Amino acid sequence: MTRHAWGQVRERLLSEIGQNHYRNWIEPLELNGLEDGVATFVVPTNFVGNWVQRNYGDRIKRHMSAFAPVTRLEFTVAPAADVSARIQPVDVAADDVAVAVGATVKWESEELPGAPLDPRYTFDSFVVGKPNQLAHAAARRVAEGGPVTFNPLFLYGGVGLGKTHLMHAIAWDIQARNPNLKVVYLSAEQFMYRFVQALREKQMMDFKHLFRSVDVLMVDDVQFIAGKDSTQEEFFHTFNALVDQNKQIVLSADRAPGEIKDLEERIKSRLQSGLVVDLHPTDYELRLGILQTKVARYREEYPDLKIADGVLEFLAHRISTNVRVLEGALMRLFAFASLVGQEITLEKAQDALADILRATDRKVTVEEIQRKVAEHYNIRMSDMVGPKRQRSIARPRQVAMWLAKRLTTRSLPDIGRRFGGRDHTTVMHGVRKIDSLRESDPQIAEDLELLRRALEG
Ligand code: ADP
Ligand code: MG
């Protein structure tokens, strides 16, 4: 089979199983050869091989057979030494994989309707910072079990902020504490797919029974069922049945329950009946923490990795709030480092990541910042740049200066000029003031985050 043919097979798989699953399970596969109807693949771990075989085996065979007859798939695990030039998942710990294999066996014997859990998404690998500490604490609490306190737990937040990671972490943790519990994780899309399939095959009784017999139900990206009336209906019944039995439910969405359009009111209110927590966009500190953690993990396996001082800080500063993008950048650096075998300096990093940096380049202007901030605090644009010094005007002005310093590449004198010809020391004072208020005043901290999100979004 040619590379091209395998590429086409992969494309079909992508469109059928969706990006997430594709990224987790198909992307890591490397087609090694095809002989006598046996296709062999190199996989990073046994766990991946087993899952692919069980969940996507038939599908892969079917699509490959369009190009050449394939009767069997075989998976071999590549020893780490052979794949040093390839990029490995950074944080697969040996014991994660062991737990994962345990879970596979369990699912095999009981045919639970869930989706596979990513062995990388554990509490251990989740970096906690201000923007996600509440969500993390709630997730921990739910995983600890005990008398059900938050039911449902509803996590929401923008793309790539760790919702799925936290859900998998809860599932792993519950499963590790209590292997007898039936923990089911799946996306709302898969829930719908199962539901429609059950309808079509007249197996609604089985479907209902299956979903009502779980101990912990986790449904990811529930915004997906908005507007899908019969799926919503069924979801609502499943939900109620489980809550009535005191079973834990964990849900996620890209926005708050009340903001999901085309979702029935009674469902919205049920979703809000437990604990609703949001993951805020990452801040600089969290991004840096995540990068440092990932580098440390990577170094455990590849101790030769050398990254110059300031590179991680630069990335944390320049790359947007989405952690997935941040991880992608880091992976690229790792690959680059292993290829050139040299220290990654700031210039090399900028070179290697030019496209990513350009895409996330902030093109916010000082004027836009001033306008947004004036709007937010309900003051006039003319006051933003004018001479008034009372706090109700001066504070928003300082907030705008702080944002200008953070979000643009303008120098302090330059910023001062744009604030009605103020001196650079005034700007510096304002920036420092806000820096310290940010620590002590949660309202200011929230304002800053909100404004930043609005300006960068
Ligand atoms: P979401 O479901 O909110 O879109 P994901 O959970 O898929 O986001 O996270 C995207 C990527 O970022 C994942 O690889 C995840 O492991 C990583 N990630 C997000 N937040 C964190 C965090 N706080 N610590 C470590 N990794 C994180
Ligand atoms: Mg997700």
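Small disclaimer: the values here were computed from a predicted structure and weren't measured. Counting from 1, the numbers follow the sequence of the chain as shown. Note that ligands are numbered from 1 as they come in the structure, with each ligand's atoms numbered from 1 the same way.
- For the residue pair Ser187 and Asp220, no side-chain donor N or O sits within less than 3.5 Å of a side-chain acceptor on the partner.
- Here Thr164 reaches the Mg ion (ligand 2): one of its N/O/S atoms is less than 2.8 Å from the metal.
- A salt bridge does not link Lys433 with Glu439: none of the charged nitrogens is closer than 4.0 Å to a carboxylate oxygen.
- For the pair Arg23 and ligand 1, the shortest N or O to N or O distance does not fall below 3.5 Å.
- For the residue pair Lys261 and Gln223, no side-chain donor N or O sits within less than 3.5 Å of a side-chain acceptor on the partner.
- Each of the following atoms of ligand 1 lies closer than 4.0 Å to a heavy atom of Gly158: 3 (O).
- On a distance-only criterion, Gly160 and ligand 1 share at least one N/O pair closer than 3.5 Å.
- No hydrogens or angles considered: nothing links the side chains of Glu313 and His317 as a donor-acceptor pair under 3.5 Å.
- Short contacts between ligand 1 and Asn132, defined as distances under 4.0 Å to a heavy atom of the residue, involve ligand atoms 23 (N).
- At a heavy-atom distance under 4.0 Å, no atom of Arg120 approaches ligand 1.
- A side-chain donor-acceptor contact under 3.5 Å links Glu16 and His63.
- Ligand 1 places these atoms under 4.0 Å from at least one heavy atom of Val159: 4 (O).
- When heavy-atom distances to ligand 1 are checked against a 4.0 Å cut-off, Thr164 comes that close through both its backbone and its side chain.
- The Ser125 neighbourhood of ligand 1 comprises atoms 24 (N), 25 (C), with distances under 4.0 Å to a heavy atom of that residue.
- Counted by atom type alone, Thr122 and His165 present zero donor-acceptor pairs between their side chains at under 3.5 Å.
- In terms of polar-atom proximity, Gly162 is counted as a contact of ligand 1, with an N or O under 3.5 Å from an N or O of the ligand.
- Ser252 does not count as a contact of ligand 1, since none of its heavy atoms falls under 4.0 Å from the ligand.
- Note on ring orientation: taking the six-membered ring where Trp is involved, the planes of Phe235 and Phe191 are perpendicular (angle over 60°, cut-offs 30° and 60°).
- Considering backbone and side-chain N/O atoms, Leu161 comes within less than 3.5 Å of an N/O atom of ligand 1.
- Here the closest heavy-atom approach between residue Ala256 and residue Tyr156 is recorded as N-CD1, 3.4 Å.
- One option in Leu279, Val127, Thr282, Val128 has a heavy atom closer to atom 24 (N) of ligand 1 than any other, and that option is Val127.
- Defined by atom type and a distance below 3.5 Å, a donor-acceptor pair is missing between the side-chain atoms of Glu234 and Thr231.
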